[in-house]
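The chains referred to below are lettered A, B, ... by the order of the sequence lines, with proteins before strands, and numbering in each begins at 1. Values in this document were obtained by computation on a predicted structure and should not be read as measured data.
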Amino acid sequence: MNQRELPEHPDFLWANPEPKRSYDVVIVGAGGHGLATAYYLASKHGITNVAVLERGWIAGGNMARNTTIIRSNYLWDESAAIYEHSLKLWENLEEELGYDVFFSQRGVLNLAHTLQDVRDSVRRVEANRLNGVDAEWVDPQQVKELCPIINVGDDIRYPVMGGTYQPRAGIAKHDWVAWGYARRASELGVDIIQNCEVTGFVIDGGRVTGVETSRGRINAGKVALCAAGHTSVLSELAGFRVPIQSHPLQALVSELHEIIHPTVVMSNHVHVYVSQAHKGELVMGAGIDSYNGYGQRGSFHVIEHQMSAAVELFPAFSRAHLLRTWGGIVDVTMDASPVMGRSPVDGMYVNCGWGTGGFKAVPGAGFAYAHTIATDEPHELNRGFGLDRFVSGALIDEHGAAAVAH
Amino acid sequence: MTMTAPEDTTVEVAAHVPPVDRARVLALRRSPAQGLDEEMRRGSGAAARLREVPFLTQVAIRATPGRDGSLTETLGLDLPTHVGEVAGAGDGNGLAVLWLSPDEFLAVGPDEAESGVSPEAYAGGLAEALGSERGQAVDVSANRTTLELSGSRARSVLEKSCELDLHPRVFPVGAAVATLLGSTGVILWRTGEDTWRVMPRASFATHVVRWLLDGMREYR
Amino acid sequence: MLIIDCPNCGPRPETEYGYGGQAHVAYPEDPHALTDEEWAQYLFYRDNPKGDYAERWVHSAGCRKWFNAVRDTRTYEISAVYRTGETRSETQKGA
Amino acid sequence: MAADQTRRIDAGGAIDRSTPVELVVDGTTLTGFAGDTVASALVANGRLRVGDSIYRGRPRGILSAGVEEPNAFVLVHGDHDESMLPATTLELVPGLDVRLLDGIGVLDQKPDPAEYDKMHVHADVAVVGAGPAGLAAARAAAATGARVVLLEQDFRLGGSLLASPAEVVEGVPAAQWVEQVRAELEAAPEVRVLIRTTAFGSYDNNHLIAVEKRAEHLDGTARDGIPRQRIWHVTAAQVVLATGAFERPIVFADNDVPGVMLASSVTTYVRRYAALPGREAVVVTTNDSGYAAAHALLEAGASVQVLDARDEGASPVVASAAQAAGLRVRTGCAVVGIDGDASVEGAWVARIDAEGALVGDAERVVCDLVAVSGGWTPNVSLHSQRQGALHWDDDLAGFVPTAAVRNQHLAGAVRGTYWTDGCRAEGDAAGVAAASAAGFSAASRSTVIGADAVAEERVARAGRTRQLWVVEGREGGYATHFVDLQRDNTAADVLRATGAGMRSVEHVKRYTSISTGVDQGRIGAVNTIGLLTRVLSGDDTRAIPPGQPGQDETASGPAAGAARPTPGAIGNTTFRAPFTPVAFAALAGRSRGDLFDAARTTSIHPWHEAHGALFEDVGQWKRPWYYPRPGEDIDAAVARECRAAREGVAFMDATTLGKIEIRGADAGEFLNRLYTNAFKKLAVGKARYGVMCKPDGMVFDDGVVLRLAEDRYFATTTTGGAARVLEWLEEWSQTEWPDLDVVCTSVTEQWSTIAVVGPRSREVIARMAPDLDVTREGFGFMEFRETVLASGIPARICRITFSGELAFEINVPTWYGLQVWEDVAEAGADFDITPYGTETMHVLRAEKAYPIVGQDTDGTVTPQDLGMSWIVSTTKDFVGNRSYSRSSHRAADRKQLVSVLPLDRSLRLPEGAQLVEPGALGDYTGEGLPSRPIPMLGHVTSSYHSQALGRSFGLALVKAGRDRIGQTLIASFEGRFAEVEVADAVLYDKEGARRDG
Ligand SMILES: Cc1cc2nc3c(=O)[nH]c(=O)nc-3n(C[C@H](O)[C@H](O)[C@H](O)COP(=O)(O)OP(=O)(O)OC[C@H]3O[C@@H](n4cnc5c(N)ncnc54)[C@H](O)[C@@H]3O)c2cc1C
Ligand SMILES: NC(=O)c1ccc[n+]([C@@H]2O[C@H](COP(=O)([O-])OP(=O)(O)OC[C@H]3O[C@@H](n4cnc5c(N)ncnc54)[C@H](O)[C@@H]3O)[C@@H](O)[C@H]2O)c1
Ligand SMILES: Cc1cc2nc3c(=O)[nH]c(=O)nc-3n(C[C@H](O)[C@H](O)[C@H](O)COP(=O)(O)O)c2cc1C
Ligand SMILES: [Zn+2]
């Protein structure tokens, strides 16, 4: 679609029913993960007596706030498998949902600025390729060809030494992805209940039988948490802990500009993550704030740092203007990998810990989580992501090696 | 106040090198910002001036006030007790002890070339005075250098990157704190109404000099 | 930007501090006496409340001292700061 | 002179008629005066039309006179073009050359030569906005001696008073009053008045962030050293927000045609800029304020008629003033449509009913200007950024702050106070209250009215506003009823969103994109919310998810049984920083180019530079990477450097290693707990290598520790780990083991460290340190000595090796570093001593399988994995130890460090190459991607050509690597495959014969 066209949305998205007394599955949280899970439960497992309970407006959490980067070039086998599965689903998503979600495979560049960055990058590229994930190492000249506005000169503090490139990676329009899932789920009979906060769980003999909500008690055969940064609050209510910490993560946009940025660029070292959305705004992720926070806002020095990094690498952004900043609440685990599987409470499932990078996982995680809920067994894709890894020590440490977020 | 050598110190170094040679040895030192002298001169103007005050003697002291053996006696000064406080020569002319934390201090005194007391010997004497008390006295003279920023706009230059309140009501003459200048850790010490010492670690000296000079340009 | 009142140095901007997560999580007396589950709790699990949180900070660019603060993770307001080893009530200010 | 300024009013206005200023717009030169904005110059030249709308390409005109402008965006040409600047806020300066934009900017790809900086200031009272409220507040606070900062985005003080210069304030005309206050503020010693300065962010702890335009107004180009813009960080004990209010338009058919303008902006153009936007005007208003525009126009000689949408018309004072002036007023009427495409040619006027629907036929009125006032929206952006509560005020028809945020005060129109004396009085009261809360007692002015009294009068004085959310057109539909002009969104789009099931205002925003433009909903948000109140019924509203958090109760759900929700129940979308857009570069400040991040250099750096070193960034450090001689590439240089180290003598600057002095009776015990190996029994004068792990058992840092005295140790860390390790030591000593008698001090930069390496190093050291017994017997491996060099410089010399060769490390205070380095060069000249960099260091240590933390480890590697079980004590506990008994640590297939030898001895594998079993590849040829994942065994962490071995080699982490020694694996890289043999990690001098020379 042309930058100067307004999007066409379907005439009808989802119904706003009153909650029923009881459902086979209650999903807590209508972010991308909750909605996708509902959709796959209904479409792949024929489980349609499902409610997705959302305390605010659907997709109003991190789903409304993310920089929409989609890629699958993760280091470890377990990660590559689930993210690559997700990417394959993305590649067919518009058709599946019948909704133009602006999935744009414009490629993602991860820049390297030090010799160690180069080693880590090459390692990841080689691992990706053997895992069937398209990945390339590109030299500074190729970086320049892929994204002519990057300063690849030697005259900057941390010159670009090359980068990894995943051509199939890209971005999508976050809200519409959620609405696309909501629409299909709603069509298949799933009840999407907004303005309905889960405030407690009904647990009987170690098994969950329902939830308390701001709109009354709702009985449930199974309960699946999809509450991202709020998961700890919920799990605490259910009597168990999850190994996550909720931190503010900020993002920002500029006003609209004619398209000059053709791909997605991420630089962990200089700290820039930027793409240009279809309307023309520059979309950037800033750093994570060090402290825990549920405020959906972060500290401004993080934005300032982000801006100097942006101008450093992209001289053309000098007089783009910061138009809006915001924050989300990301759920960070110690190994920067998600948690997905059964919880200590029977009939209750957890999916959290996607931290700064779970948007891309929406289709894949929804798919695997629906399987886990439907069969009470993890899917092959999420087997390694259970809570047991923290006990055995078999972590899937995605920061040490890959050192890239989002 | 001048710095005097702690008595009865038997430090090998002092014993080893005859005084006349010592002057020759001292001449071999190069201060961290030495190569930037000319740049600093050119970047200075009436309203803001920058220079290095090289080779000050600095001793890092870890001690618990009141439980410091004969350290304070040897120093000839009480340890400062609260943030910002500088015991002794708050104006930097002589021996001063800066508060860095409840149990961490920095003694700053004149260059050995001026005082005749080697920093190693001085630190050794303090360490000895500390005795078996918990703490430390370590020569860190070369660990940081001292830059002096002065002039009517010196405060403005600092305010460009120092987030602390530098108003005299809050940051009086003679006060010193450890803080950040931009993203670089420094000790900031107000030695006069319009005179500040900025003490970065040696490896940051070039950056801090260039950073300050850049901020001074509008006042040239 | 949080302004954190270091018990030693007074109010300083957040950039001077390092964050240390939940306070009062002591290193186990004898780690070897713990089960793997208990050890995992120590290593990887911390409270994550929405509301008051007793957490650790270190004044990296100032006095280099660790201390504790009670901060509301919704409003980010700090209701108390106190030194390591002190209990919360000793120096708590405000409500 | 002003011949072309056809719409310039002959007299009045805050413009300097003696200073004409030229302006180029799309290539045409116009003239305005100093004191104009680009927009007012356009108006004075009879040009209302600006760029077309973004999506629908509709002609658009100047709508406003301020930051809320949705249409009039320009690109300013200059050293560096800047886009998307509202013409309404752009001060007219000589040399301005602008292009009108169609709602979308163009980024300049040239480097931006301008400079930007930042300033951090503290205040007792910060006042935002310099209208009557803000000026009064600043004056009152200043009078107490408090430190006051007044921030005003405009290039003039006065706020709305600039548009009513004749209004009487404290007995004098407004213009004079503003002058008086300005003079008073300037005379106060502790007051800083910043104009052209927009407070755009309000953060916790009263931290305001503002941007000041500093140089661009001088003459358009930047002056050396003078930042073009400056970011102000203001931390204030108390804040007074006196940010005024925004007028909003009325939604009717074709309300976007150029010539439709906000009524208060019309007043501003006429009275402040002496520019007449139209000669025949229709004013359409839902509240009293539209009348001011009518009076202004009338006085300027235009013909005017007023359509007051309220059946009851204006409040008595306003109505009688209108009558006295002879204004034609029709009540219960509105404009229902516009005639004209590129400019207003006429307005369709009709009576409207309670729903805003036409009653009877519309009548066409010829006009060239339609001044609209749909009511006022307090400018609460900064208040809301701090989660300040708002509530819907039905009479004012606006969201009004419920109470100020802690340590903040609100004064004037931002509180819904819409008459000047009320604003001034509130400001006065707020200034006094703020100063006294900051500890400055004040005798308040005699004229202060209690703020509460003002509140009561609010509606009585400013009149009621009719809530008219949309005016039906003459034809059905709402396709040209623009709600958000910038985003080209209409009432029809809002209805489509609700039709699609959207209930939350946040969803409507995202479905339509209303409120996402540069004006962030200043023009369209409240009308959208109002429209939602019209279309959503009681049934729908149970599902309305809340709008902005912190709003009044009604916002979280409409009152039960209500047929329609109130705007308060629907709520606002969230206000976010920045208040108005800020250039990225301004926020970058001086952290650009070389100053982007500190580059740390050693005392020897000048020598490295002078000798042609290329540098590697390690953390913030610049370390010599290698020293190519003319004609040498990296391989040749490194081979030469390696040869020197293995066969002769070479030297390296190792200053960047972290160094920590540790002292105390319990220092040994402390180190025992943190390192995997034991240090308590290390003899004084000796050194030992140690590894530290995190509690999860993974290697965290390593280094050599010297025992200086019974109670003193000296630990070295990796270059990148220095700060981390010191913090780690402090953390454990302060928080876990405060009872241990141990303290630490960083001495990283106290010492320059020069490694002298190679079989001939002893001879060099002997020359350097004549007093020292450097014999094999006299100076053993892993010992150190204090000595005085031949130069007289005191030094500590260690016999440590990171290459396996005989080697010494000379430590001297950094200020002697360069001298000693030069002395070493001289002492070794006969032996052709060769400087080497990090690359050679890496080769040498890899030949000996000394791991580099961070290169051969990645946070998942234990000492055992590195083949260093020997360093993991079994007799004492240490941090990390507990983790090794977890099941994953006992797994047989843990990755272990081994070396890999390509069968092709000249092939240097890329670091990062993956290793697989032979046969694992299946039919994968390296072309494209394999059809299914190929299991990997590990990867190459380090890879070099070994000069000493005469072949390439690598280190690798390989599953069960030590069991595979002797096996052949396949390395996969760049779509190619190569066979490698797994070998013991140590390849060179396994017996360690060389370390003693
Ligand atoms: C600034 C930012 C940038 C990011 N960038 C990227 C990126 O580029 N690429 C990427 O892949 N990922 C990115 N992420 C991460 C990604 O957004 C998240 O991992 C992902 O959205 C989380 O899953 P979700 O969509 O289900 O979560 P959310 O959208 O947060 O959904 C959780 C939902 O649960 C609801 N909820 C919580 N508690 C309750 C309760 N008690 N009762 C009912 N409902 C409740 C919440 O209201 C919320 O709607 C980014 C995140 C942020 C904040
Ligand atoms: N209904 C009406 O007739 C009506 C409605 C609104 C206002 N008014 C009149 O307007 C005046 C209001 O006085 P006031 O002092 O409250 O407001 P004001 O509009 O006079 O002044 C507000 C000032 O704040 C500045 N400002 C706003 N946000 C800023 C920011 N973030 N950073 C820096 N500057 C910022 C503006 O540029 C402006 O100068 C009164 O005279 C009142 O009568 C009348
Ligand atoms: C990819 C993306 C693009 C966005 N583009 C815009 C934009 O063009 N204009 C805008 O005002 N906000 C934009 N936003 C930000 C939203 O307005 C909003 O800030 C965000 O969804 C968080 O919600 P909140 O600010 O209401 O809490 C964008 C957000 C995302 C994630
Ligand atoms: Zn402190």
With the side chain counted from C-beta on, respond yes when [X] and [Y] share a heavy-atom pair under 4.5 Å apart, and no when they do not.
X: A:Trp179; Y: D:Met502; value: yes
X: D:Ser972; Y: A:Leu130; value: yes
X: A:Lys279; Y: D:Arg487; value: yes

Under 4.5 Å heavy-atom distance to chain D, tell me which part of [X] shows up: side chain, backbone, both or neither.
X: A:Ile156; result: neither
X: A:Glu304; result: both
X: A:Ala81; result: neither
X: A:Val122; result: both
X: A:Leu395; result: neither
X: A:Val125; result: neither
X: A:Val270; result: both

Name the region of [X], side chain, backbone, both or neither, that has any atom closer than 4.5 Å to a heavy atom of chain A.
X: D:Ala913; value: backbone
X: D:His233; value: side chain
X: D:Gln855; value: both
X: D:Ile104; value: both
X: D:Arg56; value: neither
X: D:Ser942; value: neither
X: D:Ile852; value: neither

Side-chain donor-acceptor contact under 3.5 Å, D:Asp597 with A:Tyr158: yes
Close aromatic pair by centroid cut-off 6.0 Å: A:His9 and D:Tyr511: yes
Highest number of heavy-atom pairs under 4.5 Å with chain A: which of [options]?
options: D:Pro111, D:Gly593, D:Ser943, D:Ser883; answer: D:Gly593
options: D:Lys622, D:Arg576, D:Lys110; answer: D:Arg576
options: D:Val518, D:Leu101, D:Asp81; answer: D:Val518
options: D:His507, D:Met84, D:Arg592; answer: D:His507
options: D:Asn489, D:Thr860, D:Val582, D:Asp594; answer: D:Val582
options: D:Gly499, D:Ala588, D:Ala500; answer: D:Ala500

CG (D:Asp102) with more than 12 external heavy atoms under 6.0 Å: yes
Carboxylate-amine/guanidinium contact D:Asp112 A:Arg319, below 4.0 Å: yes
Under-4.0 Å salt bridge between D:Arg496 and A:Glu8: yes
Whether A:Asn16 side chain and D:Gly501 backbone form a donor-acceptor pair below 3.5 Å: yes
Single hit among A:Ser318, A:Ser308, A:Ser254 for side-chain contact (heavy atoms from CB on, under 4.5 Å) with D:Phe584: A:Ser254
Rounded distance [0.5 Å steps], OG in D:Ser888 versus CZ in A:Arg389: 12.0 Å
